[in-house]
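Order of appearance sets the numbers: ligands from 1, and atoms from 1 within every ligand. Side-chain atoms are counted along with the backbone in the values below, which use heavy atoms only and exclude waters and symmetry mates. Predicted model only: the values in this text are computed from it and were never measured.
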Amino acid sequence: MTKTINILISDPLSEDGIYPLLEEKDLQLNIVSNTGLSPEELKAIINDFDVLLVRSQTKVTREIIEAATNLKLIGRAGVGVDNIDLDAATEKGIIVVNAPDGNTNSAAEHTTAMIMALARHIPHAHMSLQEGRWDRKKFVGVELKNKTIGVLGFGRIGQEVAHRAKGNRMNVIAYDPFLTAEKAEKAGVAYGSVEDVAKVADFITMHTPLLDSTHHMINDDIFAIMKDGVRIVNCARGGIIDEDALFRAIESGKVAGAALDVMEEEPFVGNRLLDLPQIIATPHLGASTIEAQESVAVDVSNDILSYFKHGTVLNP
Ligand code: NAD
Ligand code: MLT
C-alpha cells in the first residue's frame with residue numbers, strides 16, 4: 001500500500017505555485033494549509049507531518065524540530081533560511097530545501113524602488129499632498145547619476161541591484177568575501193572591504209544573508225567612517241544593521257535617510273525608527289510579487305516531489 005505523505009503549509013503560499021503538489025499523480029499527498037499557528041500550536045501538530053512548508057513567518061526552532069518525529073523535509077519558499085534551526089534539522093537528518101533564485105528579480109526591483117523613493121522623498125511627498133499641502137521646497141532630492149552605491153553582498157540580488165544601479169549611471173563598489181578582481185571587472189564594479197565601501201559610498205545597500213559574520217556588520221564604527229549624508233538601504237535581513245547605531249547616525253545627521261524592508265524584530269510596527277522622518281519602510285515586501293511567489297512555490301514544490309520520488313533535491 002502506498003504511504004501517504006503528509007504536508008503542512010504553515011505560511012501563506014501562492015496557490016498557483018503549489019500546482020506541482022496539487023496535480024501530483026504518482027505520490028499520495030495529503031496537503032494541509034494551516035497558517036498563523038502559534039509556536040505551541042505548531043509544536044502540538046508537527047508530529048503528524050512528513051513535510052513542513054514555510055515562508056519566513058514560521059520560526060522552525062529546535063523545539064519544533066525535536067517535537068517532529070516524522071518530519072523528513074522542511075521546504076522554505078524563499079531564500080533566507082535564518083528562520084530555520086539548521087543545526088537541529090541536520091542532527092535529526094531532516095533535509096532543508098529553499099528556493100534560491102525565484103525571488104531574485106523581485107527583491108532587486110524592490111531595492112531599486114526603495115533607492116529611488118529615498119532619493120526623491122516620494123512617500124513623504126505623497127503623504128504631504130494627501131494632508132493638503134503643496135510643499136515643493138521641502139522635498140528637494142538628489143540625483144543617482146554619478147553617485148557611488150556600495151553593495152554589501154554580491155550574490156544573486158546584489159549583482160542584480162548593481163546592474164540596475166549602473167543603468168541609472170551610478171558607480172558601483174561591492175564587498176563580498178567571494179568577490180574576485182576578475183568577477184568585479186566582468187560586472188563592471190569596483191570592489192574593496194566593508195571599510196573601503198563605507199568611506200566612498202553615497203548609498204549603501206545590504207544583500208548578505210544574516211549570519212554570525214554579518215550580524216551588526218553596520219555598526220557605530222562603520223557609520224563613523226561613512227560619508228556625511230550617506231543613504232542606507234536594507235532589503236536583506238534585519239540584524240545586519242545595528243538599529244540603535246542607525247538611530248544615532250540619523251539623529252547626528254551622518255545618515256541622511258534609510259529605506260528599510262526588514263528589521264530585527266518583525267512585524268516591526270511600533271519600531272522607534274519609523275518615527276524618524278528620514279526613514280522610509282515597507283513591511284518585508286521584497287519578494288511580494290505575484291511572479292516571485294509563484295516561482296518560489298513551484299521550485300520548492302518540485303524539490304519536495306523530487307525528494308520523495310528520487311531521493312534527490314536541487315536546492316539543499
Ligand atoms: P545569495 O546567497 O545569492 O547572496 C548572498 C551573498 O552574500 C553571497 O555572495 C555571499 O558570499 C555574501 N556574503 C556572505 N557573507 C558575507 C559577509 N560577511 N560580507 C559580505 N557578503 C557576504 O543571496 P541573495 O539571493 O542575493 O539574497 C541576499 C539576502 O536577501 C538574503 O538575506 C535573503 O534572505 C534576502 N532576501 C530578502 C528578501 C525580502 O523580501 N526583503 C527577498 C529575497 C531575499
Ligand atoms: C527571502 O528570504 O526569500 C525573503 O525574505 C522573502 C520571504 O519572505 O519569503
_With a 4.0 Å cut-off on heavy atoms, is T104 in contact with ligand 1?_
no
_Using the side-chain hydrogen bond (donor to acceptor under 3.5 Å, both in side chains) criterion, which residues pair with H216? Sequence neighbours excluded._
E264
*Can you tell me which residue and heavy atom of the protein come closest to atom 23 (O) of ligand 1, and the distance to 0.1 Å?*
V79 CG1, 4.1 Å
*Going by an N to O cut-off under 4.0 Å, is there a salt bridge joining K309 and E24?*
yes
_Contact between L273 and L246 at the side-chain level, heavy atoms closer than 4.5 Å - yes or no?_
yes
_Numbering as shown, the atoms of ligand 1 that approach N103 to under 4.0 Å (heavy-atom distance)_ = 43 (C)
*Can you sort out which atoms of ligand 1 are near G80, meaning under 4.0 Å from one of its heavy atoms?*
34 (O)
*Tell me which protein heavy atom sits closest to atom 26 (O) of ligand 1, plus the residue, atom name and distance to 0.1 Å.*
I157 N, 2.9 Å
*asked:* For atom 18 (N) of ligand 1, what's the nearest protein heavy-atom neighbour? Residue, atom name and distance, please.
replied: T214 CG2, 3.3 Å
_Using heavy-atom distances only, which candidate in L179, L211, N105, T111 approaches atom 15 (N) of ligand 1 most closely?_
L211
*Of all residues at least two apart in sequence or in a different chain, which pass the side-chain contact (heavy atoms from CB on, under 4.5 Å) check with R164?*
N105, A108, E109, T112, E160
_Within the 3.5 Å criterion, strictly below it, is a donor on S14 or E294 matched to an acceptor on the partner's side chain?_
no
*So between A292, P177, A287, P209, whose heavy atom ends up nearest atom 22 (C) of ligand 1?*
P177
*Taking any residue with a non-hydrogen atom under 4.0 angstrom from an atom of ligand 2, which ones do you get?*
R55, S56, R76, A77, G78, V79, G80, N103, R237, H284, A287
_Pairing of D244 and R272 as salt bridge, 4.0 angstrom limit_ = yes
_Atom CG of residue position L22 - does it have more than 12 heavy atoms of other residues, nucleotides or ligands inside 6.0 Å?_
yes
*Around atom 38 (C) of ligand 1, find the nearest protein heavy atom and jot down its residue, atom name and distance.*
C235 O, 3.7 Å
*Looking only at distance, does R156 have an N or O less than 3.5 Å from an N or O of ligand 1?*
yes
*Among all protein heavy atoms, pick out the one at the shortest distance from atom 10 (C) of ligand 1; state its residue, atom name and that distance to 0.1 Å.*
D176 OD2, 3.4 Å
_Nearest neighbour in protein (non-hydrogen) for atom 19 (N) of ligand 1_ = Y175 CE2, 3.2 Å
*Report, in ascending order of atom number, the atoms of ligand 1 lying under 4.0 Å from any heavy atom of H284.*
39 (C), 40 (O), 41 (N)
*Any ion pair linking E131 and R133 (charged N to carboxylate O, less than 4.0 Å)?*
yes
_N6 side chain to N30 side chain, donor-acceptor N/O pair below 3.5 angstrom_ = yes
*Against heavy atoms of H207, which atoms of ligand 1 measure under 4.0 Å?*
5 (C), 6 (C), 7 (O), 28 (C)
*Atoms of ligand 1 less than 4.0 Å from G153 heavy atoms?*
7 (O), 21 (N)
*With heavy atoms of F178 as the reference, note each atom of ligand 1 found under 4.0 Å away.*
11 (O)
*Shortest heavy-atom approach to atom 41 (N) of ligand 1 - which of D261, D82, T208*: D261
*asked:* Taking E66 first and then K92, would you say they form a salt bridge - that is, a charged N and a carboxylate O separated by under 4.0 Å?
replied: no
_Give me the residue, atom name and distance of the protein heavy atom closest to atom 4 (O) of ligand 1._
G155 CA, 3.3 Å
*Under 3.5 Å, N or O to N or O, is R237 touching ligand 1 that way?*
yes
*Run the salt-bridge test on K227 and D202 with the 4.0 Å N-O cut-off and return the result as yes or no.*
yes
*asked:* Taking the basic N atoms (NZ, or NE/NH1/NH2) and the acidic carboxylate oxygens, is any pair closer than 4.0 Å for K59 and D85?
replied: no
_As a quick check of understanding, evaluate side-chain contact (heavy atoms from CB on, under 4.5 Å) for K72 and I94, giving each step before the final call._
CA-CA 5 Å; K72 294 160 189 73; I94 296 168; over 6 Å; no
*atom 42 (C) of ligand 1: the protein heavy-atom neighbour that sits closest, reported with distance to 0.1 Å*: A107 CB, 3.7 Å
*Note, R55 side chain near Q293 side chain (heavy atom, < 4.5 Å)*: yes
*Among T111, N234, T282, which residue meets the side-chain hydrogen bond (donor to acceptor under 3.5 Å, both in side chains) test with D261?*
T282
Check residues 169-185 and write down every donor-acceptor pair under 3.5 Å in which the side-chain atom is one partner and the other belongs to a residue at least two apart or another chain.
| from | atom 1 | to | atom 2 | distance (Å) |
| --- | --- | --- | --- | --- |
| D176 | OD1 | F178 | N | 2.9 |
| D176 | OD2 | F154 | N | 2.7 |
| T180 | OG1 | K183 | N | 3.1 |

*asked:* Closer than 4.0 Å to some heavy atom of F154 - which atoms of ligand 1 meet that?
replied: 9 (O)
*asked:* Does E63 have more than 12 heavy atoms from other residues, nucleotides or ligands lying within 6.0 Å of its CD?
replied: no
*asked:* With a 4.0 Å cut-off on heavy atoms, is L152 in contact with ligand 1?
replied: no
